[in-house]
Peer 1: 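This structure is in structure tokens; I'll ask about it shortly.
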2 protein chains.
Amino acid sequence: MTHRVTIKDVATQAKVSYQTVSKVVNGQAQVSSETRERIWQAIHDLGYRPHITARNLRVGASHMLGYSWRSVPSDQFNPVLDKFLQSMVEAAEKSGYHLLPFPCPPDHAQVEVYRELIFSGRVDGFVLSSTNLNDERIAYLLDTGFPFVAFGRANPEWDFPYVDVDGTAGLRVATEHLLSLGHRRIALIAWPGESLTGKFRVQGYLEAMQSAGRLVDPDWIARGEHSALFGEIVAQRWLDLPADQRPTAIIALSDLMAIGVMNAIQERGLEVGREIAVVGFDDVPMAQYLRPPLTSLRQPIWELGQQVIAMLIKLIRNVTLEERRVLLPPRLVTRASSGTGAPG
Amino acid sequence: MTHRVTIKDVATQAKVSYQTVSKVVNGQAQVSSETRERIWQAIHDLGYRPHITARNLRVGASHMLGYSWRSVPSDQFNPVLDKFLQSMVEAAEKSGYHLLPFPCPPDHAQVEVYRELIFSGRVDGFVLSSTNLNDERIAYLLDTGFPFVAFGRANPEWDFPYVDVDGTAGLRVATEHLLSLGHRRIALIAWPGESLTGKFRVQGYLEAMQSAGRLVDPDWIARGEHSALFGEIVAQRWLDLPADQRPTAIIALSDLMAIGVMNAIQERGLEVGREIAVVGFDDVPMAQYLRPPLTSLRQPIWELGQQVIAMLIKLIRNVTLEERRVLLPPRLVTRASSGTGAPG
DNA sequence: ATATTATAGGCGAACGTTCGCCCGAACGTT
DNA sequence: AACGTTCGGGCGAACGTTCGCCTATAATAT
């Protein structure tokens with residue numbers, strides 16, 4: 001590297017003061033069209049590019065948006081990361097921002113890391129994910145007034161901007177789908193009660209059952225850890241019931257658990273889709289390759305990424321948000337695992 | 001935000017010049033221990049954090065490492081992104097660097113985007129992925145001498161630092177595994193000839209077959225697009241052969257294609273693992289949940305991420321690399337799909 | 001006691017921008 | 001002819017650091 005070409009080089013080349021070059025670069029009006037062209041010419045000739053760090057220092061912004069996510073254990077999959085990141089990166093770029101992915105700190109150190117990023121001027125805002133009910137980060141950021149948008153909800157008493165998948169709507173649609181196929185005993189595999197995301201999804205199931213006038217047997221809702229094994233164990237338990245009492249359809253709150261369910265069913269020699277319907281959530285890429293292919297709810301990840309960044313940038317620019325709470329419904333992708341009608 | 005607390009605030013509080021504070025913050029020796037403590041105290045009291053942008057401007061570095069990746073179509077999975085990113089982000093952070101993910105530009109605009117990032121001073125180096133034989137980006141970066149490390153190889157005539165998975169070793173191990181189980185007719189599903197990664201992997205297969213003294217029938221190597229469907233079609237073709245001529249084992253260069261193979265086999269009513277062995281590559285999380293679970297080659301993604309960043313940072317700091325070309329072998333994860341022995 | 005060296009810490013400058021203010025010229029108005 | 005207005009463009013300053021150099025004092029050696 002010989003010597004970085006700066007605004008001053010352009011200025012001498014174009015025979016103006018360097019501040020005038022700045023005006024041209026930033027599209028300010030106070031320059032005659034002749035000199036403007038002369039300056040652009042010089043910029044082009046010299047291959048000048050504004051130095052972002054200097055600009056950022058001057059304007060007091062980093063044009064960076066912080067994001068960290070929890071890595072999933074390697075026996076699981078993160079179905080959304082690729083698309084979500086791409087979406088955010090692209091949306092940010094369009095507005096002159098970049099994403100700063102930082103290592104997800106251990107729970108107790110969360111806030112400290114966010115503090116650090118704020119006070120070192122590294123980021124202008126945050127995208128939060130993996131939010132939980134009383135998320136410390138949200139509490140902290142609300143307290144300091146630093147711009148952020150969450151991907152996921154939290155304590156309903158708090159007023160903060162978020163985008164989220166409408167799990168309630170998703171499960172309502174999935175349940176209605178099964179009901180319309182004639183299923184009456186529809187079971188649900190959910191997460192522990194602490195899970196907020198789980199709560200919303202269960203609610204959609206309950207709503208759909210209720211408005212169809214179906215009573216829900218509490219035994220039809222199983223709660224446990226997010227794993228294929230748990231899905232398998234629960235399904236086995238249900239399959240032990242006499243045929244006229246056991247569920248004819250099982251919804252799992254994730255594809256991972258749904259896969260466990262499918263494996264349990266097939267090990268009993270039963271046919272998924274014909275004898276027992278299975279529905280998952282996430283629509284992981286693999287869902288379509290399972291045998292039978294898995295009916296699942298696909299999250300509008302791209303749109304969520306676009307929204308979350310658009311909102312965050314508005315927040316940073318002090319534009320008021322017309323929508324502080326955005327819920328986007330997932331789409332039911334119907335495949336063979338949910339069958340064509342209830343048995344019997 | 002009232003007022004950012006700067007080095008000067010600390011200085012007045014500690015009754016020294018602000019440059020001395022800088023010395024303390026950067027751990028320089030020329031300060032007595034009393035004043036040093038006084039300054040640290042002031043830093044702590046005021047909650048001072050150095051302003052990164054200002055520091056970067058002064059030292060003429062951005063402490064950012066550029067990275068972009070090609071998003072896979074949504075019917076496929078990116079098995080490595082999550083871990084690879086986390087690994088790189090974490091490794092970078094340890095050395096005071098951050099990752100800058102930027103949108104993967106369309107092919108024709110690749111170089112221009114890299115140029116821009118360099119000349120606007122946004123990054124100090126690049127990690128390249130999805131490299132191809134005559135990668136324009138590599139050519140350009142070699143030409144300008146800008147620091148980068150590739151994840152993947154390219155034109156062997158070029159001398160540039162890279163890390164990569166040793167696909168040759170991986171396929172050698174996989175093939176030897178099948179040979180040791182008594183398989184003689186081992187078929188391979190590969191990518192088109194242009195694929196460099198594919199070429200290395202095929203080579204491993206050929207080496208293993210050769211050193212076992214097995215002739216390789218050219219018909220046992222199929223080449224086509226990376227999809228489950230292609231795997232399925234090819235497998236069907238092989239299954240049409242008389243039982244004493246068809247392959248008893250099939251290796252696919254990716255799990256996605258292996259899944260197609262498994263489905264084709266099962267649709268013929270044959271049993272994967274007992275009648276025909278199947279081996280994949282990638283060890284996607286889903287592999288263990290398939291029925292039967294898929295034997296596959298797992299890439300050492302975490303280590304690759306650590307290495308690539310370590311090398312890049314050395315390059316930036318002008319430390320000579322002891323190893324400019326790092327190949328890490330994948331690990332064969334043996335599961336039921338490769339069976340316990342060749343049939344017959 | 002003087003000369004030499006080491007040490008602590010101060011000071012000006014610079015990194016590459018943008019911002020706000022100012023001034024001079026040109027122009028139109030009364 | 002004097003005035004106000006508009007427009008083009010110059011200028012100083014600042015953003016928060018780090019760097020290199022300088023100086024005064026203290027410590028050591030002769």
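This structure is a prediction, so every number in the text was calculated from the model and none was measured. A note on names: the letters A, B, ... follow the listed sequences, proteins ahead of strands, and every chain is numbered from 1. Side chains included, hydrogens not; waters and symmetry mates left out as well; all remaining heavy atoms used.
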Peer 1: Does anyone know the first and last nucleotide of DNA chain D in reach of chain B, 5' to 3', at under 4.0 angstrom to a heavy atom?
Peer 2: dG16(D) to dC19(D)
Peer 1: Take K23(B) and V59(A), find for each the nucleotide of DNA chain D with the closest heavy atom, and name the residue whose nucleotide sits nearer the 5' end.
Peer 2: V59(A)
Peer 1: Could you verify whether a donor N or O on one side chain and an acceptor N or O on the other, from N56(B) and S62(B), lie under 3.5 Å apart?
Peer 2: no
Peer 1: State, to 0.1 Å, how close D166(B) and P329(B) come at their nearest heavy-atom pair, and which atoms those are.
Peer 2: CB-CA, 4.0 Å
Peer 1: Using five base pairs at each end to define the local axes, how bent is the helix from dA1(C)-dT30(D) to dT30(C)-dA1(D), to the nearest 10°?
Peer 2: 50°
Peer 1: How long is the line joining CD of Q30(A) and P of dC22(C), in whole Å?
Peer 2: 15 Å
Peer 1: Pairing donors with acceptors under 3.5 angstrom, does anything connect the side chains of D9(B) and Q13(B)?
Peer 2: no
Peer 1: Please name the pair of heavy atoms, one in R49(B) and one in S120(A), separated by the smallest distance, quoted to 0.1 Å.
Peer 2: CB-N, 4.1 Å
Peer 1: Remember a base hit wins even if backbone is also touched, and classify T35(B) as base, sugar-phosphate or nothing at under 4.0 Å, heavy atoms.
Peer 2: sugar-phosphate
Peer 1: Using a cut-off of 4.0 Å on non-hydrogen atoms, how would the nucleic acid contact of E34(A) be classed: base, sugar-phosphate, or nothing?
Peer 2: nothing
Peer 1: Does a side-chain heavy-atom distance below 4.5 Å link I316(B) with Y97(B)?
Peer 2: yes
Peer 1: Can you check whether Y114(B) and F126(B) have ring centres sitting under 6.0 Å from each other?
Peer 2: yes
Peer 1: Could you tell me whether R317(B) and D124(B) have a side-chain N and a carboxylate O separated by less than 4.0 Å?
Peer 2: no
Peer 1: For R49(B), which contact category applies under a 4.0 Å heavy-atom criterion: base, sugar-phosphate, or nothing?
Peer 2: sugar-phosphate
Peer 1: Establish, yes or no, whether a centroid distance under 6.0 Å links the rings of F160(B) and Y162(B).
Peer 2: yes
Peer 1: Please work out if N26(A) contacts a base, only the sugar-phosphate, or nothing of the nucleic acid, heavy-atom cut-off 4.0 Å.
Peer 2: sugar-phosphate
Peer 1: Does a salt bridge link E322(A) with K314(A), judged by any charged N lying under 4.0 Å from a carboxylate O?
Peer 2: yes
Peer 1: Please name the pair of heavy atoms, one in I39(A) and one in A14(A), separated by the smallest distance, quoted to 0.1 Å.
Peer 2: CG1-CB, 3.9 Å
Peer 1: Check DNA chain C against residues 38-46 of chain B and give the residues with a non-hydrogen atom under 4.0 Å, in numerical order.
Peer 2: none
Peer 1: Assign each of S22(A) and L57(B) to its nearest nucleotide of DNA chain C by heavy atoms, then name whichever residue's nucleotide is nearer the 5' end.
Peer 2: L57(B)
Peer 1: Testing the 3.5 Å rule here: is there a donor-acceptor pair between the side chains of Q306(A) and K94(A)?
Peer 2: yes
